[in-house]
Trainee: 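A single structure is presented below for examination.
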Amino acid sequence: MIRASAQERALRIEQEPLVPVGQSTGFVTGTWSSVRDVWAHRELLTLLVKREIRARYKDSSLGVLWSLVRPLVQLLVYYFAIGQVLGVARNIPSFAIFVFVGLTVWGLFTEIVASGTMSIVNNSGLVKKVYLPREIFPLASVGGALFNFALQLVILVVATLVLGKFPLTSDLAYAPLALANVIVFATAVAVVLAASTVYLRDLQHLVEVALTVAFWASPIVYSFSFVHKAIGGTLLEQVYLANPVTLSVLGMQKAFWIDGAAQVGQTNWPPDLALRLWISLAISIVLLWFGQRVFSRLQGNFAQEL
């Protein structure tokens, strides 16, 4: 009787239809289902962002204040070494604000990319045990980076108020456009690197080197006017301006660095900056879609590789 009952149960199990787990869409299709899947797990995403922030400052006396230490130290180093010793500050008014604007944008980009690159590997325990949309791990890195950026942005705004340099002009509208551009582009890069690092662990070290080099490809500690004087009107200048991070830095400078607009005879921003930012944002959105589809194709073997 017991044996017969077990055989019946086994037969019923065999007759049950197979139900796919996770995403089973092709490369081109399936974007919307991925978005719905992430949205359905939005509470888990929120918890992961909070965990990301808490883990970063666990057992720390200063807590989240440490997120301000690195950019402030960088600001002091660049201000004295490049601004004062090399004399760059003589040609760039309000040099401290100028540099800090660039550092906040660059810090947001690097934190999203660096944290996102290792997001899947660092959460291998969850990836191997339960099913959930794996995109939430790089997205959690984005959330943590935005938290730190918000703190730095507050410091920037306070500094402009204290120095009497708060930008009460229409150029302030460049800020949200520049931020949207760098966030979308950085997320696209992070999503692709997060999936690729599962298979190629050396990528994390390559990313660190690439970010170090890429820092000097944007006008953070030097003005765009230097670039324009050196390569203005050439194809090389257009290649330089094709970098979404460069455009985002320039957009934030135009929004917050009001002394740059007051400089006579200086080309601190390229022509049609707003148009360039909109085009860059559109391309970044396409790159984010492409990156998510690459991620979707690669995530099937995450558990085995980890």
Side-chain angles (χ1 to χ4, degrees), residues 46 49-50 52-54 56-57 60 62-79 83 92-116 139-187 189-190 211 214-215 218-221 223-224 243-261 268-269 273-274 277 280-281 284:
T46 302
V49 172
K50 292 179 179 178
E52 183 98 4
I53 297 171
R54 284 196 300 266
R56 194 169 302 175
Y57 308 109
S60 171
L62 295 179
V64 295
L65 292 178
W66 280 112
S67 65
L68 302 176
V69 172
R70 182 178 179 183
L72 289 176
V73 169
Q74 287 180 317
L75 171 62
L76 291 175
V77 171
Y78 294 133
Y79 180 80
I92 301 178
S94 299
F95 185 69
I97 292 178
F98 170 83
V99 171
F100 196 69
V101 169
L103 289 177
T104 54
V105 178
W106 179 253
L108 175 61
F109 174 75
T110 55
E111 189 169 352
I112 291 176
V113 173
S115 300
L139 289 178
S141 299
V142 175
L146 286 174
F147 176 81
N148 288 334
F149 171 78
L151 296 177
Q152 296 170 21
L153 185 61
V154 170
I155 298 298
L156 174 61
V157 172
V158 171
T160 58
L161 289 171
V162 171
L163 297 174
K165 303 290 185 179
F166 185 76
L168 291 174
T169 66
S170 59
D171 287 341
L172 196 59
Y174 278 87
L177 179 57
L179 289 179
N181 184 45
V182 72
I183 291 170
V184 174
F185 177 68
T187 304
V189 175
L211 289 175
F215 173 83
S218 295
I220 298 172
V221 295
S223 173
F224 175 72
N243 182 357
V245 182
T246 295
L247 291 174
S248 296
V249 170
L250 290 171
M252 286 292 286
Q253 288 173 352
K254 191 167 180 62
F256 285 96
W257 184 43
I258 59 174
D259 282 344
N268 290 318
W269 301 286
L273 178 58
L277 280 168
S280 178
L281 178 58
S284 296

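Index from 1, following the sequence.
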Trainee: Describe, in one word, how the ring planes of W106 and F215 are oriented to each other, choosing from parallel (under 30°), tilted (30 to 60°) and perpendicular (over 60°).
Mentor: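 The arrangement is perpendicular - the two ring planes meet at more than 60°.
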
Trainee: Enter the distance from T160:OG1 to I155:CD1 here, rounded to the nearest 0.5 Å.
Mentor: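 So the gap between those two atoms works out to 11.0 Å.
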
Trainee: Where is the tightest heavy-atom contact between V249 and S218, given as atom of each residue plus distance?
Mentor: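 For V249 and S218, the tightest heavy-atom pair comes out as CG2-CB, 4.4 Å.
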
Trainee: I'd like to check the side-chain hydrogen bond (donor to acceptor under 3.5 Å, both in side chains) partners of N243; sequence neighbours left out, ordered by chain and number.
Mentor: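 Partners of N243 under the side-chain hydrogen bond (donor to acceptor under 3.5 Å, both in side chains) test: T246.
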
Trainee: Please determine whether side chain to side chain contact (heavy atoms under 4.5 Å, CB included) holds for the pair F147 and V49, giving the CA-CA distance in whole Å, both sets of side-chain angles, and the decisive distance to 0.1 Å.
Mentor: CA-CA 9 Å; F147 176 81; V49 172; 5.9 Å; no

Trainee: Where is the tightest heavy-atom contact between S248 and V105, given as atom of each residue plus distance?
Mentor: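 Looking at all heavy atoms of both residues, the closest pair is CB-CG1, 4.1 Å.
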
Trainee: Write down the atom of T187, the atom of I112, and the distance for their closest heavy-atom approach.
Mentor: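 So the two residues come closest at N-CG2, 4.0 Å.
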
Trainee: Taking the side chain as everything from C-beta on, heavy atoms only, tell me whether F98 gets closer than 4.5 Å to P93.
Mentor: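 They are not in contact (no side-chain heavy atoms under 4.5 Å apart), so the answer is no.
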
Trainee: Closest approach of A255 and P167, non-hydrogen atoms and distance?
Mentor: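 Closest heavy-atom pair between A255 and P167: O-CB, 2.9 Å.
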
Trainee: On a heavy-atom basis, which atom in P219 and which in Q253 lie closest, and how many Å separate them?
Mentor: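 Nearest pair, atom of P219 first, then Q253: O-NE2, 2.7 Å.
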
Trainee: Is L153 close to T104 at the side-chain level, that is, under 4.5 Å between some pair of heavy atoms?
Mentor: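 The answer is no, as the side chains (C-beta and beyond) never meet within the 4.5 Å cut-off.
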
Trainee: Can you confirm whether V157 sits close enough to F256 that some side-chain heavy atom of one is under 4.5 Å from a side-chain heavy atom of the other?
Mentor: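 V157 reaches F256 side chain to side chain.
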
Trainee: Are side-chain heavy atoms of Y174 and L277 found at a separation under 4.5 Å?
Mentor: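 SC-SC contact between Y174 and L277 confirmed.
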
Trainee: To the nearest 0.5 Å, what is the distance between OG (S280) and CG (N181)?
Mentor: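 The OG atom of S280 sits 3.5 Å away from the CG atom of N181.
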
Trainee: Hey, could you give me the CG/CG distance between L108 and L103, rounded to the nearest 0.5 Å?
Mentor: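 Taking CG in L108 and CG in L103, the distance rounds to 12.5 Å.
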
Trainee: To the nearest 0.5 Å, what is the distance between OG on S223 and CH2 on W269?
Mentor: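 Taking OG in S223 and CH2 in W269, the distance rounds to 8.0 Å.
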
Trainee: Out of curiosity, T169 OG1 to K254 NZ, how far, rounded to the nearest 0.5 Å?
Mentor: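 It comes to 8.0 Å.
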
Trainee: Is it the case that the side chains of N148 and E111 hold a donor-acceptor pair, with the cut-off being a distance below 3.5 Å and no angle test?
Mentor: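 N148 and E111 do have a side-chain donor-acceptor pair below 3.5 Å.
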
Trainee: Would you name the heavy atoms of A114 and L211 that are closest together and state the gap between them?
Mentor: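 It is CB-CD1, 4.5 Å.
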
Trainee: So how far is it from I183 CD1 to F149 CZ, rounded to the nearest 0.5 Å?
Mentor: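 Separation between the atoms: 7.0 Å.
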
